[in-house]
Chemist: 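For reference, the structure I am asking about is given below.
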Amino acid sequence: MALLVRDLRLAVRQSSDGVMVLSFYVIAIVLFPLGLGPDPQTLASLAPGLLCVAALLAAILSLEGLFRSDYEDGSLELMAVSPNDLAVQVLAKITAHWITTGLPLILATPFLAFLLNLPVQALFTLMLAMVLATPSLSLIGAVGASLTVGARRSGVLISVLVLPLYIPVLIFAVSAIDAVLLTYSPKPHLMLLGAIFVAALPLCTITSTIALRQALE
Amino acid sequence: MHRYANPSRFIRIADTIFPWAGGIMITAFAIGLYLALLKSPADYQQSEMVRIMYIHVPAAWMALFTYAFMALSSAAVLIWKHPIALLSAKAAAPIGASFTVICLATGSLWGKPMWGTWWVWDARLTSVLILLFLYLGYIALINAFDETERGGKAASLLALVGAVNLPIIKYSVDWWNTLHQPASVFRLDGPAIHPDMLWPLIIMAIAFKMFLLTTLVTRIKSELIAARVQNVQRSLHGNLADGRG
């Protein structure tokens with residue numbers, strides 16, 4: 001808990017990562033109407049995919065810093081020898097990552113959805129899908145970040161490792177929104193997104209804890 | 001298990017396996033290719049195109065099998081710190097990636113005349129593509145560290161994480177009813193494929209498996225020898241440095 005507060009305070013004081021991620025998200029979305037042409041119909045049909053892909057790429061940007069600074073200044077070693085369980089601390093760090101990057105992405109999404117002319121009836125599902133998807137992005141990303149701690153060119157490497165694992169999240173998030181647009185029920189897709197989150201919560205936390213322990217050996 | 005961790009013993013075993021596996025591979029390829037390309041009947045719907053299947057399906061099986069092998073070896077690395085297991089997983093990765101590429105390429109060649117398209121975003125195709133990315137990610141990660149030991153461990157963890165993809169590939173044709181046809185060989189009610197086509201397929205599968213075994217054994221052996229050369233060089237340099245000092 002203290003670690004969560006510390007990470008949040010660090011993020012607020014430096015405030016670079018969250019702002020960077022958010023501005024990447026906004027700029028990427030703004031580029032699409034310029035590249036695809038401003039036809040509202042086309043944009044509306046592409047909007048679910050564009051929003052999800054841009055959010056996913058924005059989330060990847062911030063992953064490199066998740067454990068790196070703590071690894072470099074030795075805080076990670078102190079965490080590993082502290083009486084608290086390392087897994088809990090890793091989870092706290094992932095939560096802090098989600099609050100500083102996932103949450104701003106969610107908050108920015110409705111505005112960007114208007115920019116892309118997404119029909120209003122899909123907005124609620126879009127938000128729900130983002131709320132369910134972004135924690136999974138942070139969790140799965142943490143695995144990639146912990147595996148590449150101390151590696152050469154870790155930024156590129158994280159993308160190579162994590163993007164294939166993000167694909168299920170992307171597929172179900174987009175199909176949930178598409179389902180609403182086609183007037184089907186988005187429920188099964190949202191439930192699968194939730195299932196991914198619930199499965200990733202313990203599995204990814206444990207995996208990245210193991211990976212960090214190995215990095216410190 | 002640990003008996004085989006000794007490099008010299010492993011090389012001895014590898015040397016005995018190699019000629020047998022190589023011999024079976026050559027025979028199986030000769031018989032299998034003859035049966036598959038010349039002897040087996042053309043399909044009533046797909047005509048001669050069906051012969052692509054004799055490469056495509058064994059390559060797909062081997063892509064999955066090699067990944068499963070890599071994941072099991074990686075588990076052995078993490079649990080017992082087994083040195084040969086790490087080498088075998090490392091050696092298997094490029095072979096598995098090649099099988100995956102062969103599988104995707106032949107599938108694409110078959111898809112153009114049969115489905116009318118090189119590629120569709122079908123569940124089976126997508127999950128096999130992810131498998132290829134996992135192989136490439138493993139290879140990238142194992143080479144990304146200055147200390148080789150750390151790279152080996154990180155990549156082993158990744159191999160285990162990626163193993164969730166295997167059941168997804170296997171059952172993708174049942175879960176998502178898209179373009180790729182469902183399983184016709186490994187089924188509870190017996191294979192739904194005529195023996196004239198099943199036998200060439202099985203023989204080709206054996207040939208592919210022996211190909212994996214021979215290349216794998218050769219690659220592990222060369223890795224072991226490379227490590228030995230490096231050790232000798234290091235100790236030589238050490239002696240020279242001592243002599244000067």
Side-chain angles (χ1 to χ4, degrees), chain A residues 49 53 60 64 67-68 71 76 90 136 139-172 174-175 178 188-189 192 195-196 199-200 202-217, chain B residues 67 71 74-75 77-81 86 93 97 100 104 120-169 171-172 175-178:
Chain A
V53 170
I60 281 195
E64 197 186 350
F67 296 115
R68 199 190 48 197
Y71 175 72
L76 209 56
V90 168
S136 308
L139 283 162
I140 299 171
V143 175
S146 57
L147 283 174
T148 51
V149 156
R152 284 173 265 138
R153 296 187 305 275
S154 57
V156 186
L157 200 55
I158 288 181
S159 318
V160 174
L161 300 185
V162 164
L163 277 176
L165 300 173
Y166 274 177
I167 291 175
V169 181
L170 177 67
I171 290 177
F172 293 121
V174 175
S175 17
D178 278 339
H189 304 293
L192 278 167
I196 293 177
L203 291 179
C204 291
T205 313
I206 294 170
T207 314
S208 50
T209 309
I210 298 171
L212 286 176
R213 273 202 199 287
Q214 285 179 348
L216 296 174
E217 255 174 28
Chain B
Y67 197 92
S74 299
V77 175
L78 294 172
I79 298 169
W80 295 296
K81 306 197 170 171
L86 177 61
T100 316
L104 288 170
V120 274
W121 290 99
D122 156 272
R124 172 61 71 86
L125 275 66
T126 312
S127 50
V128 172
L129 189 63
I130 297 178
L131 182 72
L132 178 62
F133 291 150
L134 287 171
Y135 274 125
L136 297 182
Y138 179 91
I139 297 169
L141 189 58
I142 205 167
N143 294 320
F145 292 91
D146 292 330
E147 318 100 88
T148 43
E149 201 191 343
R150 161 107 176 87
K153 282 179 181 166
S156 302
L157 256 177
L158 179 74
L160 283 183
V161 172
V164 288
N165 193 25
L166 290 185
I168 297 182
I169 295 179
Y171 294 107
S172 58
W175 292 343
W176 292 278
N177 213 340
T178 38

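Chain letters run A, B, ... following the sequence lines, proteins first, then strands; residues in each count from 1.
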Chemist: Using 0.5 Å steps for rounding, measure from the CD atom of Q214(A) to the CD atom of E149(B).
Modeler: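 The CD atom of Q214(A) sits 9.5 Å away from the CD atom of E149(B).
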Chemist: Contact part of L147(A) toward chain B, heavy-atom cut-off under 4.5 Å: side chain, backbone, both or neither?
Modeler: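 For L147(A), backbone and side chain are both near chain B.
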Chemist: So, R150(B) side chain and L216(A) main chain: donor-acceptor pair closer than 3.5 Å or not?
Modeler: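 No.
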Chemist: When only pairs under 4.5 Å are counted, which of A154(B), A144(B), S156(B), G137(B) shares the most heavy-atom pairs with chain A?
Modeler: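 Most heavy-atom pairs within the cutoff with chain A belong to A144(B).
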Chemist: Just to be sure I understand the criterion: a residue of residues 203-212 of chain A counts if one of its heavy atoms is under 4.5 Å from a heavy atom of chain B. Which ones qualify?
Modeler: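 Answer by number: T207(A), I210(A), A211(A).
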Chemist: How long is the span from the CD1 atom in I167(A) to the CG atom in L129(B), to the nearest 0.5 Å?
Modeler: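 One finds 7.0 Å between CD1 of I167(A) and CG of L129(B).
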Chemist: With sequence neighbours left out, what residues match L192(A) under side-chain contact (heavy atoms from CB on, under 4.5 Å)?
Modeler: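 By the side-chain contact (heavy atoms from CB on, under 4.5 Å) rule, L192(A) matches F172(A).
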Chemist: Without placing hydrogens or testing angles, list every side-chain donor-acceptor pair under 3.5 Å for residues 155-166 of chain A, not counting sequence neighbours.
Modeler:
| residue | atom | partner | partner atom | Å |
| --- | --- | --- | --- | --- |
| S159(A) | OG | G155(A) | O | 3.2 |
| Y166(A) | OH | L137(A) | O | 2.6 |

Chemist: Is it the backbone or the side chain of L131(B) that comes under 4.5 Å from a heavy atom of chain A, or both, or neither?
Modeler: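 Looking at L131(B), nothing touches chain A.
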Chemist: Write out all pairs satisfying side-chain hydrogen bond (donor to acceptor under 3.5 Å, both in side chains) with one or both partners inside residues 138-147 of chain B, taking only residues at least two apart or from two chains.
Modeler: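 Sorted result for residues 138-147 of chain B: R152(A)-D146(B).
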